[in-house]
2 protein chains.
Amino acid sequence: MNKKKQQTEQTKKKIADAARALFAQKGYKATSIEDIVKATGCSAGNIYYHFKNKEGLFLYLLEEWNAEWDKTWLDKETLYPTTIDKLYGMAEQLALDQLNHPLTKAADEFFNNSEKARDVEERIHEMVKGYLDFNRQLLQRGIDNHEFETTNVTGLAIILDSLMLGLNQHSRRMEREEALEAYRLAMDVFLHGIAKPTRTR
Amino acid sequence: MNKKKQQTEQTKKKIADAARALFAQKGYKATSIEDIVKATGCSAGNIYYHFKNKEGLFLYLLEEWNAEWDKTWLDKETLYPTTIDKLYGMAEQLALDQLNHPLTKAADEFFNNSEKARDVEERIHEMVKGYLDFNRQLLQRGIDNHEFETTNVTGLAIILDSLMLGLNQHSRRMEREEALEAYRLAMDVFLHGIAKPTRTR
DNA sequence: TATAATACTGAACTTTTATTCAGTATTATA
DNA sequence: TATAATACTGAATAAAAGTTCAGTATTATA
């Protein structure tokens, strides 16, 4: 009850690694099962033995990715004293993540694709909810700390996610420093706005 | 030299109208040429007589759409006294446009699709540049009017576009009023930020 | 060792869909 | 009216790519 499990783990990892690299490089649709077959040396059938289908394989990678993001974040988070610092930290991590690991492009393609099975649609929806919850909790802490003056936490969570989502797309055309700067600027604006402080709001 | 041109115009419009509705409803990839054939009653060959290919047809619709957006905007713009008002007005128009005319979803699918011809990639890039220029000019006017305190106009143009881009995605899951409110809130944040006005920046 | 379970192969299947093109019909030109 | 140009037909093409499955090999179980 060991050599089998070990083998399965190893093969699954081999497929996942190759698929991740290919999806990142070529995009979701442009990466065929045949490509993964060539890259791994294992058969098409074997891929379908370990993963439900192409969508399932990609979802697996997405969730693995999310889990790693969370882990990295938890390690960092305590280092940031204020919520404002945390926000800048989050923006930086998102920027770096995107620069190092361009699965984001394939993810956008996947999310925006019109032909998705019902269960896939649901899992994506769950993920989005997860991102929003993350933002909501972060912002709520800022409110509790009296760092922010706002009531509509849910609304702001969406604004923040929108900002990151959009930047994610734009930063694909940027160099490393440019991207990092853009994410910082986005946080500046999110926190302080651009209007002169007349504050007639 | 008349009945022919008239016929061409009419057919082209018939195809464009049907395609627009289908793309909006089903998405880009999920809309087949066959669908358009059925909806218009004209043959597949005829579609290819009037448009280079499926991509070309979609690009035609996109550019038509952009042109209309500009026209609508120019009509409204003068009604807004300050740049701040203009920004809220722009956000509202984007929200409404998206609510009434969900070609945006298909457009995202199209933009994010990994398999695009070189010339298509370029036309998309031109469009993005157009959006950024639009933002840049708007913001520059605000600076000239001393409404904003900022120097990095180009950076802010990207931030603004990112915000609208991301909201565009989120607002698909919203009702009309909710979406409008989200766009307004986004503008509030863009202009004033969420941090308490300590302004240690 | 015999049997069951698991891991894997790879060719064939299936389906989908954009695109073409030889040929026809309609309208403009001279 | 003859000829050229334009508008259109629709069946055939063609190529891709995800998925399946009957069969084989390897390992666990009893």
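Below, chain A is the first sequence line, B the second, and so on; all start at residue 1.
- Using the Watson-Crick or G-U wobble rule with both distances under 3.5 Å, dT6(D) pairs with dA25(C).
- Contact detail for A19(B) and I36(B): the closest heavy-atom pair is CB-CD1, 4.0 Å.
- Mapping E115(B) and T11(B) onto DNA chain D via the closest heavy atom, the residue that lands nearer the 5' end is T11(B).
- Nucleotide dA30(D) has dT1(C) as its partner under the Watson-Crick or G-U criteria, with both atom distances under 3.5 Å.
- For the pair F58(A) CZ and dG18(D) P, the computed distance is 13 Å after rounding to whole Å.
- Counting any heavy atom pair closer than 4.0 Å across all strands shown, T40(B) reaches no nucleic acid atom.
- Rounded to a whole Å, the NZ atom of K13(B) is 18 Å from the P atom of dA7(D).
- One interatomic measurement links the two molecules: CD1 of I15(A) to P of dC8(C), which rounds to 8 Å at whole-angstrom precision.
- Aromatic ring pairs are classed by plane angle as parallel below 30°, tilted from 30° to 60° and perpendicular above 60°; the pair F58(B) and F110(B) is tilted.
- Within the 4.0 Å cut-off from OP1 or OP2 of dC8(C), not a single side-chain nitrogen or oxygen of S43(A) is found.
- Applying the 4.0 Å criterion to OP1 and OP2 of dA7(D), one finds that Y49(B) has a side-chain N or O inside that range.
- Between Y48(B) atom OH and dA11(D) atom C1' the separation is 15 Å, expressed in whole Å.
- If A44(B) and Q7(A) are placed on DNA chain C by their nearest nucleotide, the residue sitting closer to the 5' end is Q7(A).
- Distance CD1 (I33(A)) to P (dC13(C)): 20 Å, rounded to an integer number of Å.
- Side chain to side chain, T72(A) and D75(A) fail the donor-acceptor criterion of an N or O pair below 3.5 Å.
- Between the C1' atom of dG10(C) and the CD1 atom of I47(A) lies a distance of 12 Å, rounded to the nearest Å.
- If you run side chain to side chain donor-acceptor pair (under 3.5 Å) between S114(B) and each of E109(A), K29(A), K26(A), only E109(A) comes through.
- Taking only side-chain nitrogens and oxygens, T8(A) never comes nearer than 4.0 Å to OP1 or OP2 of dT6(C).
- Considering only side-chain N and O atoms, S32(B) lies nowhere under 4.0 angstrom from the phosphate OP1 or OP2 of dT17(C).
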Test side chain to side chain contact (heavy atoms under 4.5 Å, CB included) applied to L160(B) and L87(B), step by step:
CA-CA 10 Å; L160(B) 183 53; L87(B) 282 171; 3.8 Å; yes
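- Rounding to whole angstrom units, NE2 of residue H50(A) and P of dT19(D) are separated by 17 Å.
- At dA28(C), none of the side-chain N or O atoms of K4(B) fall inside 4.0 Å of OP1 or OP2 (strictly under the cut-off).
- Looking at L132(A) and H170(B), their side chains come closer than 4.5 Å, going by heavy atoms from C-beta outward.
- OP1 or OP2 of dG18(D) lies within a sub-4.0 Å distance of a side-chain N or O belonging to K54(A).
- dA11(C) is paired with dT20(D) under the Watson-Crick or G-U wobble criterion, all donor-acceptor distances under 3.5 Å.
- For N46(B), no side-chain nitrogen or oxygen approaches OP1 or OP2 of dA7(D) to under 4.0 Å.
- Counting to the nearest Å, the P atom of dC8(C) and the NZ atom of K3(A) are 12 Å from each other.
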